[in-house]
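Heads up, the thing below is written out as structure tokens.
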Amino acid sequence: MVTVFDSADRETYFRFVSKTFRDVALFRYALQNFVINNLRTRYRKSFLGFLWSLLSPLLSMVVLAVVFSFAFKQDIKTFAVYVFTGLIPWLYINSSISGGCQTMIYAEGFLKKVYIPKLLFPLTLVTTETVNFVFSIISLYILAVAVGTTLSWTFALLPLVILITFIFNLGWVLILSIITVYFRDLTHIVTVVFQALFYLVPIVYPVEILPEKFQWLFYYNPFYYFIVLFRKVIYGTPALTWGDWLIPAGLALVLFLVGMYILMRRDRELIFRL
Amino acid sequence: MKSTISISNASLRFQIFSNPTPTLKETVVNAMLRRGKLVTSRDFYALNDINLTIEGGQRVGIIGLNGAGKSTLLKMIVGIYAPQSGRIEVHGRVTPMIEIGTGFDVELSGRENIYVNGAILGYSPQEMARYEKDIIDFSELSEFIDVPVKYYSTGMYGRLAFSIATMIEPEILLVDEIFSAGDAHFVAKGARRMMDMIKSSQIVLYVSHSLGQIVELCNHVIILHHGRIIKQGDPREMVDYYINEIVNSG
């Protein structure tokens with residue numbers, strides 16, 4: 001193993017990205033350990049253990065379903081499934097991004113003691129949230145079957161949706177976790193922004209509920225496209241278009257590449273700011 | 001392959017910030033009110049024009065006063081800090097002996113922590129499985145190896161950390177003042193282990209304030225003073241020089 005560092009070498013974007021990927025591959029067992037420990041901590045010492053990861057989203061779905069079906073005077077069964085197809089991906093994005101701001105700061109102990117790729121820490125958080133997301137999808141599936149909602153064959157496309165959303169979240173977390181090192185209060189701002197954004201995503205109501213002249217608001221909300229994609233894939237209607245895939249995939253890719261660019265520019269400096 | 005480390009003209013600058021973590025709120029308010037600079041910084045050279053070549057088989061002791069740059073030098077070799085100027089070329093895998101607490105998950109057992117610790121250093125479970133038995137034997141923790149680490153005493157903790165770092169046969173081992181962990185018996189055993197490690201053409205860099213140990217363990221000593229290597233050579237001579245010229249004159 002030969003490592004050469006020369007301050008005179010100019011780092012190119014391509015070289016940096018491929019080096020980072022190689023490093024992450026080298027440290028994949030650390031990633032695996034971090035994720036398992038995160039999940040274990042989350043469900044530790046609970047009587048039902050891992051079963052909680054299925055039960056807890058299921059139970060909160062039931063509570064919300066009851067409340068909202070009263071509030072909106074809708075048929076509880078179909079309305080519940082409708083709400084959750086929006087709520088689940090929203091919670092996945094929300095908890096990844098708001099939880100992700102602190103990842104570099106929390107990684108200080110590791111980053112100052114051993115050589116470990118910085119991307120590993122956003123990756124750990126998003127992977128952990130992805131596992132929870134998958135558990136929630138399983139709960140949703142159980143719920144949908146229980147209330148007799150017919151699911152479309154497009155359900156099988158979910159892994160692709162998860163992959164796109166994963167990259168999107170990772171891009172966000174990478175960007176925000178680096179900025180948070182410089183501005184520690186960013187995490188509070190992000191939390192508040194997400195609370196507001198919740199109402200700009202058609203989760204508890206359909207888009208059509210808003211007057212037409214306000215509907216453009218949705219289209220400027222990047223998160224909207226992910227919720228729509230998830231929902232369409234689950235229901236199968238209205239039919240999926242290329243745009244449904246390409247817009248989220250494009251957003252995800254751009255965010256991730258921008259994140260890697262910011263990481264490249266700050267990679268060496270970050271350690272002095274922690 | 002023979003391990004080597006060569007560093008040429010490396011300087012590492014730290015910036016000391018008056019306010020290391022301004023908030024976004026402060027920054028925005030500050031910009032709006034057109035006040036002066038919110039964060040001022042001052043440069044500080046932690047390492048200055050370091051030139052160093054270490055060949056396989058060398059056990060290099062690094063001595064110097066507090067703040068001389070000893071730990072920083074190790075961290076630069078690991079790759080934690082990138083020097084603003086200069087070149088570092090390392091042949092061989094660098095393994096820092098992790099400080100007690102880092103990379104240990106206290107809820108997990110000692111055995112599981114062997115793997116966790118290895119993973120953080122970039123070692124696969126398969127690689128660690130090869131060393132597991134040796135690590136347990138050397139640390140003398142076989143009785144407690146399946147007990148969560150949070151029930152370990154500081155000494156036991158240190159023994160496990162030391163055993164992991166030295167049993168994985170690192171090509172280049174960096175030790176920063178961790179050696180004090182454990183009782184006299186373990187310290188003596190650890191010293192023997194360090195000697196053994198040299199035989200397989202490995203490099204050891206050892207930072208310590210205990211000059212006796214430096215003379216005993218190392219075959220080359222570097223004196224760092226204000227971020228510069230001011231002298232290097234025979235351990236005995238270097239330690240004498242260090243005591244007479246730096247410790248007693250300062």
Side-chain angles (χ1 to χ4, degrees), chain A residues 1-9 11 19 22-38 40-41 44-45 101 105 107-118 120 124 176 179-190 266-274, chain B residues 1 3 7-11 13-17 20-28 39 75-96 98-99 101-103 105 107-108 112 115-128 171-172 176:
Chain A
M1 200 157 123
V2 185
T3 14
V4 180
F5 174 85
D6 196 322
S7 62
D9 290 345
E11 184 128 62
K19 183 188 181 307
R22 259 202 321 276
D23 274 357
V24 168
L26 197 65
F27 283 87
R28 62 189 178 281
Y29 301 106
L31 174 67
Q32 190 186 324
N33 270 316
F34 287 150
V35 171
I36 291 173
N37 292 347
N38 273 352
R40 205 185 331 226
T41 317
R44 184 194 299 151
K45 286 171 192 158
C101 291
I105 293 169
E108 179 183 346
F110 292 104
L111 293 175
K112 283 190 171 168
K113 305 254 161 69
V114 289
Y115 175 77
I116 194 160
K118 296 183 182 68
L120 207 69
T124 299
L176 292 174
I179 303 178
T180 307
V181 173
Y182 295 86
F183 301 108
R184 304 278 167 129
D185 57 343
L186 185 67
T187 168
H188 307 297
I189 297 166
V190 169
R266 298 291 161 180
D267 193 34
R268 291 173 193 171
E269 193 197 87
L270 221 49
I271 191 79
F272 299 115
R273 295 285 193 145
L274 282 169
Chain B
M1 206 187 79
S3 301
I7 303 174
S8 42
N9 309 104
S11 294
R13 186 181 64 237
F14 276 36
Q15 280 176 292
I16 316 277
F17 295 98
T21 55
T23 63
L24 199 56
K25 189 186 75 187
E26 282 171 347
T27 312
V28 170
V39 184
K75 287 182 176 185
M76 190 174 78
I77 294 170
V78 178
I80 294 171
Y81 295 132
Q84 281 82 9
S85 63
R87 181 185 169 87
I88 302 170
E89 189 169 331
V90 178
H91 292 251
R93 191 173 190 172
V94 179
T95 308
I98 302 189
E99 273 169 54
T102 318
D105 188 321
E107 298 288 339
L108 300 178
E112 289 169 303
Y115 290 88
V116 173
N117 222 302
I120 287 157
L121 297 170
Y123 287 81
S124 71
Q126 291 82 349
E127 282 177 286
M128 292 311 287
E171 293 165 324
I172 300 171
D176 191 352

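Note that this is a predicted model, so its numbers are computed, not measured.
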- Message: How close do Ile120(B) and Phe34(A) get, counting heavy atoms only, and between which atoms?
- Response: CG1-CZ, 4.2 Å

- Message: If I compare all heavy atoms of Gln84(B) with all of Ser7(A), which pair ends up nearest, and what's the gap?
- Response: O-CB, 3.3 Å

- Message: Between Tyr115(A) and Ile77(B), is there a side-chain heavy-atom distance shorter than 4.5 Å?
- Response: no

- Message: Please classify the contact of Ile116(A) with chain B as side chain, backbone, both or neither, using a heavy-atom distance under 4.5 Å.
- Response: side chain

- Item | Part of Ile179(A) within contact of chain B (heavy atom distance under 4.5 Å) | neither

- Query: What closest approach, in Å, do Phe272(A) and Phe17(B) show between heavy atoms, and which atom pair accounts for it?
  - Reply: O-CE1, 4.5 Å

- Message: On a heavy-atom basis, which atom in Ile80(B) and which in Lys113(A) lie closest, and how many Å separate them?
- Response: CD1-C, 3.3 Å

- Where do Ala119(B) and Phe27(A) come nearest, in terms of heavy atoms and distance? O-CD2, 3.7 Å

- Message: So Val114(A) and Val78(B), do their side chains get closer than 4.5 Å, heavy atoms only?
- Response: no

- Taking side chain as C-beta onward, heavy atoms only, is Arg40(A) less than 4.5 Å from Leu108(B)? yes

- Taking every non-hydrogen atom, the tightest pair across Asp185(A) and Leu24(B): OD1-N, 2.6 Å

- Message: Taking the six-membered ring for Trp, are Tyr123(B) and Tyr29(A) closer than 6.0 Å centroid to centroid?
- Response: no

